[in-house]
Structure formats: structure tokens, C-alpha cells
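Here's the structure we're looking at; comments come further down.
Note that the structure is a prediction, hence the values are computed from the model and not measured. First the proteins, then the strands, lettered A, B, ... as listed; each starts at 1.
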Number of protein chains: 2
Amino acid sequence: MQARIKARYQARAKVMKAMSHPTRLFIVDEIANGERCVSELTEMVGDDISTVSKHLSVLENAGIVFGDKRGAQVWYRLRVPCALDFLDCVERVLKIVARQRTELIERR
Amino acid sequence: MQARIKARYQARAKVMKAMSHPTRLFIVDEIANGERCVSELTEMVGDDISTVSKHLSVLENAGIVFGDKRGAQVWYRLRVPCALDFLDCVERVLKIVARQRTELIERR
DNA sequence: AGAGTCATTGGCTATTTTACCAATACGCCA
DNA sequence: TGGCGTATTGGTAAAATAGCCAATGACTCT
């Protein structure tokens, strides 16, 4: 594969990768409802705050979220609202896969 | 986070993860144009055939592609065409992020 | 200034992922 | 049947990821 094309797919994979963790998917889903600060998300997720903070930095690094420091808190929101479309995509895939599995079983 | 909800996000992340590698993204993109066998993909990707085969099994395991053995070859195609939507999503995200970066530079 | 809260960073370990090589399995056909 | 092309599987080493704790930085309030 050509270097240019490879770089292109690597850039794409970086974005996908940022969304490839349960906690990070949850965060994206959650902040779609409005800004959340780190401790709020930590409370919901149930992991250590340092873990959540690192997840957030992965998302921020991929350009998906944006952290706004106000006082001692950092409020995160979606920087790219269409990141939500991934959740729709994934839901559609899961639905189709589930249906195909059901059909296979019924056919027996 | 509740166990049920957590499981839900894990299932979603599994699909995302399957699409989170440059080679696998390329494969999905490529077989959208029609069936390809493992050695064809290997040729295009430039990795060892065992590596490509394993990438394919990751995709198959996630329900995204389907391998059809005919003779000595195995022909892979998309089992879930809407997996292509991920590529659109990712492209849109990249475009927006790139534009935001440009705007930041211009504003200086 | 000092104590308390909030978030990030560094350090560390355990786990997972990736890629190669070698070995195996399968089908074709001379 | 033996050899060749095709694909998968097992083994292994290197790299990346995830999570926790501890340390640090930054802000607020008294």
C-alpha cells in the first residue's frame, strides 16, 4: 500500500480507535446531552478519576471533545457533534448482526 | 455504571474496535467494491498473509464481513453494508477537525 | 497563607494487540 | 499420489493500552 494512502487510513483509524472503548463511547453519549465535568463523569463511570481523565484526553486528542476550564473544573463537550453518528452506525450494525444470527438459528 | 449498560457499551466498543485498524478499514473499503480473496488483499496491503488473515477474522468475528470458501480461495465480502457508514462518519470528523485547525491558525 | 477540591501527569503492572515465522490444513491438478 | 498455491492456526516478541496509586498543579474559600 502506498505511503500516502496508508497515512490516510491511519488518520481514520486514529479517530475510530478513540471511540473504541466502552467508557469513551459512554462519555461521548453522555456529553451529547450537555457539558459534563470530569468528576461528574467519574461518578457515572465508576473508575478512578485519573483513568477517566486519560480517556478524555484520548478523545480530545482525536478532536472529538473539547475541555473548557472554568474555575477548578473542566467542562467537556462534543467538539464534533457528528461523532454521535458513530453510535447510530454501531447500533445499526449490532441490530443487523443480531437479526442474521436469529435467522441462522431459525433455519436449523 | 450499571452492569447492563456497561455490557451494552462493551458490545458497541467491540464493533468499533474491529474497525479501528488502518488495514481493517482499508479492507472494508476495498471489499465494498466487490468480493476479494485473501491473497488479493494481502497483495494490496503488503503485510504477511497470516496477518491479513487474522485481520479478516477479527472483522468476521464482529459480524462485519463474511468469508466464502470456493476452491482453495476464500472470498470475502461485506456482510453488513452499512459498515461503510463508519468511513463516511470518520471522513466527516476529519474534515471538521481539519477546518477547525485552519480557523485557529487564521485567527492568529 | 493554608486547607480542601478538582484535574492532570508520571510511574508501574497487567493485559491486549500486532506482526512475523513456521507449521498445518485444504483443494487442485499433473 | 505428490507437489503447489491458498488460507488458517500456533507460537513468540515487541508495542500499545488500560487501570490504579501517588505526586503535582491549579483554583477556591476562609
- Item | All pairs passing ring pair (Phe, Tyr, Trp, His ring centres under 6.0 Å) where residues 53-99 of chain B contributes a residue, at least two apart | B/H21-B/H55

- What parts of residues 62-71 of chain A reach DNA chain D, counting only heavy atoms under 4.0 Å away? A/K69, A/G71

Give me, pair by pair, the N or O atoms of the protein and of nucleotides 20-24 of chain D that are less than 3.5 Å apart, along with how far apart they are.
| unit_1 | atom_1 | unit_2 | atom_2 | d |
| --- | --- | --- | --- | --- |
| D/dC20 | OP2 | A/D48 | N | 3.0 |
| D/dC20 | OP2 | A/T51 | OG1 | 3.1 |
| D/dC20 | N4 | A/K54 | NZ | 3.0 |
| D/dC21 | N4 | A/S50 | OG | 2.8 |

- Task: Looking only at non-hydrogen atoms, find the nearest pair between A/A62 and B/V97 and report the distance.
- Result: O-CG2, 4.2 Å

- ILVMFWY cluster, B/L41 and B/L59 together (side-chain gap under 4.5 Å): yes

- Message: What is the separation between atom CD on A/E43 and atom P on C/dC6, rounded to the nearest whole Å?
- Response: 11 Å

- Task: Could you check how far NZ of B/K6 sits from P of D/dA18, rounded to whole Å?
- Result: 14 Å

- Task: To the nearest 0.5 angstrom, please state how far the CE atom of A/M44 sits from the CE atom of B/M1.
- Result: 10.0 Å

- Message: List the residues meeting salt bridge (charged side-chain N to carboxylate O under 4.0 Å, His left out) with B/E43, not counting sequence neighbours, and say none if there are none.
- Response: none

- Does A/H55 have a side-chain nitrogen or oxygen under 4.0 Å from the phosphate oxygens OP1 or OP2 of D/dT17? no

- Taking atom SG of B/C89 and atom CG of A/L87, what is their separation to the nearest 0.5 Å? 9.5 Å

- Item | By salt bridge (charged side-chain N to carboxylate O under 4.0 Å, His left out) - contacts of A/R99 (at least two apart) | none

- Item | d(CE, A/M1; P, C/dA19) in whole Å | 10 Å

- Looking at residues at least two apart in the chain, or sitting in another chain, which of them share a salt bridge (charged side-chain N to carboxylate O under 4.0 Å, His left out) with B/R92? A/D85

- Query: How many Å lie between CE on A/M19 and C1' on D/dA18, as a whole number?
  - Reply: 18 Å

Protein and nucleotides 3-7 of chain D: nitrogen or oxygen contacts under 3.5 angstrom:
| unit_1 | atom_1 | unit_2 | atom_2 | d |
| --- | --- | --- | --- | --- |
| D/dA7 | OP1 | B/V38 | N | 3.3 |
| D/dA7 | OP1 | B/V74 | N | 3.3 |
| D/dA7 | OP2 | B/S39 | N | 2.8 |
| D/dA7 | OP2 | B/S39 | OG | 2.9 |

- Task: Return the set of residues passing side-chain hydrogen bond (donor to acceptor under 3.5 Å, both in side chains) with B/S50 (not counting sequence neighbours), or none when no residue passes.
- Result: B/D48

- Item | side chain to side chain contact (heavy atoms under 4.5 Å, CB included) between A/V93 and B/C82, worked out | CA-CA 7 Å; A/V93 169; B/C82 75; 3.8 Å; yes

- salt bridge (Lys or Arg N to Asp or Glu O under 4.0 Å) pairs touching residues 65-79 of chain B, sequence neighbours excluded, are B/E35-B/R70, B/E35-B/R77, B/D68-B/R70

- Sorted by chain and residue number, the salt bridge (charged side-chain N to carboxylate O under 4.0 Å, His left out) partners of A/R4 (sequence neighbours excluded) come out as none

Distance-only donor-acceptor pairs under 3.5 Å for side chains of residues 9-16 of chain A, two or more places apart:
| unit_1 | atom_1 | unit_2 | atom_2 | d |
| --- | --- | --- | --- | --- |
| A/Y9 | OH | B/D29 | OD2 | 2.5 |
| A/R12 | NE | B/E91 | OE1 | 2.8 |
| A/R12 | NH2 | B/E91 | OE1 | 3.2 |
| A/K14 | NZ | A/N61 | OD1 | 3.4 |

At a cut-off of 3.5 Å, list every protein nitrogen or oxygen paired with a nitrogen or oxygen from nucleotides 15-17 of chain C, distance to 0.1 Å.
| unit_1 | atom_1 | unit_2 | atom_2 | d |
| --- | --- | --- | --- | --- |
| C/dT17 | OP1 | B/K17 | NZ | 3.2 |

